[in-house]
Novice: 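Dropping a structure here in structure tokens format, bear with me for questions.
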Protein chains: 2
Amino acid sequence: MQVLVNGQAQTQIAVHDRGLAYGDGVFETIAVIGTHVQFWAPHWQRLESGLKRLGFHCDTQQLKQLIESDMRTLLAPSNGPGVLKITVTRGQGGRGYLPPEDVLPNRIVQLTSWPEGREHLSGTGVSLCLCKQRWSANQSLAGLKHLNRLDQVLARQEWHSEAYHEGIMLNQQGNVQSAVMSNVFIEVHGQLLTPINDTAGINGIMAAQVMQLASHLGISLQQQKIKLSQLESADGVFLTNSLNGIWPVVKFAQLDYAIGPITQRLLAALPAHIDAHSQPIS
Amino acid sequence: MQVLVNGQAQTQIAVHDRGLAYGDGVFETIAVIGTHVQFWAPHWQRLESGLKRLGFHCDTQQLKQLIESDMRTLLAPSNGPGVLKITVTRGQGGRGYLPPEDVLPNRIVQLTSWPEGREHLSGTGVSLCLCKQRWSANQSLAGLKHLNRLDQVLARQEWHSEAYHEGIMLNQQGNVQSAVMSNVFIEVHGQLLTPINDTAGINGIMAAQVMQLASHLGISLQQQKIKLSQLESADGVFLTNSLNGIWPVVKFAQLDYAIGPITQRLLAALPAHIDAHSQPIS
């Protein structure tokens with residue numbers, strides 16, 4: 001693994017960093033192959049939008065250039081597939097919750113190895129459990145990929161069996177919000193439905209790309225509240241995630257699913273879409 | 001400032017620490033004078049309870065001994081008042097949200113200077129604004145002093161005027177939950193009311209001590225839902241916090257309050273109660 005903290009090769013950060021103290025920051029997890037970065041533009045847009053929603057005062061254009069410089073340092077053409085994680089915290093200090101006026105964000109850019117052994121799952125499909133842990137509700141944080149992720153940490157601890165690849169998480173209303181590390185889509189009567197992230201959830205980059213792809217393919221799609229019963233009776237279910245792409249769901253608790261026709265169309269079209277949006281950092 | 005990370009004098013922590021990545025940890029902020037630590041037993045109990053609720057696998061008795069050893073290293077009889085902050089994170093690593101099975105917690109013990117210039121506020125009283133930012137709702141995290149504190153960071157950014165000392169935060173139902181860094185109590189018809197932390201809030205150590213003190217003094221107290229209108233029409237309002245003790249509220253937005261009779265009794269009794277629970281670490 002290779003890590004740059006504010007452009008310097010180091011693996012530590014100050015204990016007074018507000019990312020540690022309060023989870024005061026955002027992150028992105030991005031698939032890379034060699035120097036090719038998948039969906040960098042939308043990843044950056046989400047990161048920047050997160051900084052704005054959290055009230056970070058910084059020159060985001062300069063930050064983008066610095067992150068891209070870090071990426072050029074870490075990525076090499078001879079590298080295989082890898083995972084780039086970008087974390088931006090508000091920076092150090094402040095007595096209590098109020099950030100210092102002159103605080104400058106800290107950026108951490110890490111390149112880690114590709115998680116092996118998952119590739120077949122887009123063909124075979126995955127099995128899901130239902131997590132007891134629900135999403136915290138708060139529209140001011142909904143959609144953001146911020147560093148307050150205890151909901152997911154608690155949910156992910158609910159299963160240790162390799163029989164399950166992912167877990168469905170409900171929101172406070174008891175509706176389906178997502179899986180622990182993925183967005184969820186269901187097929188109902190030839191239409192694609194995915195939860196709305198109005199009080200919880202993360203606006204997934206791969207989810208947005210799959211929605212765009214569905215639109216190109218003329219597949220009708222709605223973002224709306226999804227009841228657990230709708231998930232259970234769906235004609236097809238799949239998950240999306242920036243590293244895993246599309247994972248068809250073949251099992252949820254005691255229910256078996258076929259891989260739905262829309263899921264199959266999207267699975268077939270996704271690799272070319274990813275290739276078209278996979279570019280070296282300019 | 002002095003900092004020990006796992007007992008070693010250092011000021012940095014690994015970027016792979018789960019406290020930074022996910023806010024996967026808890027903290028305590030404790031008033032100290034010289035080697036005397038205020039309310040260490042209840043602070044430790046809350047910390048330990050937080051570790052259990054988050055599913056940390058560690059020998060908490062050993063952890064307590066290590067933290068107490070850190071405290072003996074940092075605290076000196078010749079020191080004046082100070083603030084001890086104890087942070088325990090789940091430790092390093094894990095691919096994604098699942099903690100590694102063999103993960104060991106990291107502890108950070110910091111001693112910082114006492115925040116000067118606040119002492120008079122327990123006499124003069126404080127002014128509050130109403131924050132737009134609400135508490136996230138989730139019973140699994142309610143009451144815990146965990147590291148997912150974006151609600152408070154966002155709320156605290158809402159005012160910069162020194163005319164306000166604190167801000168009231170509502171929960172998702174629109175009821176009064178707390179102030180940004182304090183618990184809140186109101187006097188209504190000779191009774192003390194304080195919000196129940198069932199879906200949000202932090203179980204404050206000073207709040208619990210004040211409840212105990214009220215019980216000793218024969219003051220009736222209820223933990224219940226509190227409407228904004230009840231706060232607005234209260235006969236007295238005060239805040240509690242481990243560093244500030246009791247802060248009577250004299251102003252909330254456009255409303256003025258007298259310092260209520262129960263508040264006055266508790267203010268008078270608190271110093272002796274604090275002294276009785278302020279002991280050197282054994």
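Heavy atoms only: backbone and side chains are in, while hydrogens, waters and symmetry mates are out. The chains referred to below are lettered A, B, ... by the order of the sequence lines, with proteins before strands, and numbering in each begins at 1. Treat the numbers as computed from the prediction; the structure is a model and nothing was measured.
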Novice: Give, as side chain, backbone, both or neither, the part of Thr199(A) having an atom under 4.5 angstrom from any heavy atom of chain B.
Specialist: neither

Novice: Do Gln157(A) side-chain atoms and Leu54(B) backbone N/O form a donor-acceptor pair below 3.5 Å?
Specialist: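 Looks like yes, one N/O pair under 3.5 Å.
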
Novice: Quick one, Val153(B) and Arg18(A) - any side-chain contact, counting heavy atoms below 4.5 Å?
Specialist: yes

Novice: Could you look at Leu98(A) and say if it's the side chain, the backbone, both or neither that has a heavy atom under 4.5 Å from chain B?
Specialist: both

Novice: Using heavy-atom distances under 4.5 Å, tell me whether Arg53(B) contacts chain A through its side chain, its backbone, both, or neither.
Specialist: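 For Arg53(B), backbone heavy atoms alone lie under 4.5 Å from chain A.
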
Novice: Let me know if Gln133(A) has heavy atoms under 4.5 Å from chain B in its side chain, its backbone, both or neither.
Specialist: side chain

Novice: Mind ranking Gly25(B), Gly96(B), Gly23(B), Ala155(B) by heavy-atom pairs under 4.5 Å with chain A and telling me who comes out on top?
Specialist: Gly23(B)

Novice: Which one wins on heavy-atom pair count under 4.5 Å against chain A: Arg90(B), Gln10(B), Lys132(B)?
Specialist: Arg90(B)

Novice: Does any non-hydrogen side-chain atom of Asn138(A) lie less than 4.5 Å from one of Leu150(B)?
Specialist: no

Novice: Verify the distance criterion only: is there a donor paired with an acceptor across the side chains of His160(B) and Glu101(A) at less than 3.5 Å?
Specialist: no

Novice: Less than 4.5 Å to any heavy atom of chain B: does that hold for the side chain of Thr87(A), its backbone, both, or neither?
Specialist: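 Neither; nothing under 4.5 Å.
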
Novice: Given side chains that start at C-beta, do those of Gln110(B) and His16(A) come closer than 4.5 Å, heavy atoms only?
Specialist: yes

Novice: For residues Leu154(A) and Ser140(B), report the shortest heavy-atom separation together with the two atoms involved.
Specialist: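 Leu154(A) and Ser140(B) have their closest heavy atoms at CD1-OG, 4.3 Å.
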
Novice: Looking only at heavy atoms, what is the nearest atom pair of Leu141(A) and Ser136(B), with distance?
Specialist: CD1-OG, 4.0 Å

Novice: Is it the side chain or the backbone of Leu147(B) that comes within 4.5 Å of chain A heavy atoms, both, or neither?
Specialist: both

Novice: Is chain B contacted by the side chain of Pro99(A), its backbone, both, or neither, given a heavy-atom distance below 4.5 Å?
Specialist: side chain

Novice: Given a strict heavy-atom distance threshold of 4.5 Å, which part of Gln152(A) is in contact with chain B: side chain, backbone, both, or neither?
Specialist: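 Both the backbone and the side chain of Gln152(A) come within 4.5 Å of chain B.
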
Novice: To the nearest 0.5 Å, what is the distance between CG on Asp17(B) and CG on Asp17(A)?
Specialist: 11.5 Å

Novice: Give the member of Gln172(B), His146(B), Gln139(B) that has the highest number of heavy-atom pairs under 4.5 Å with chain A.
Specialist: Gln172(B)

Novice: Hey, what do you get for OH (Tyr22(B)) to CZ (Arg149(A)), rounding to the nearest 0.5 Å?
Specialist: 10.0 Å

Novice: Heavy-atom distances under 4.5 Å only: say whether Lys85(A) touches chain B with side chain, backbone, both or neither.
Specialist: side chain

Novice: Among Arg134(A), Arg156(A), Met181(A), Gln12(A), which has the most heavy-atom pairs under 4.5 Å with chain B?
Specialist: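 Among the listed options, the one with the most contacts to chain B is Gln12(A).
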
Novice: For chain A, which of Val83(B), Asn148(B), Thr89(B) has the most heavy-atom pairs under 4.5 Å?
Specialist: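 Looking at each option in turn, the highest pair count goes to Asn148(B).
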
Novice: Measure Val180(A) against the heavy atoms of chain B and call it side chain, backbone, both or neither at under 4.5 Å.
Specialist: both

Novice: What part of Ile13(A) gets within 4.5 angstrom of chain B, counting heavy atoms only: side chain, backbone, both, or neither?
Specialist: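 Both parts, heavy atoms under 4.5 Å.
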
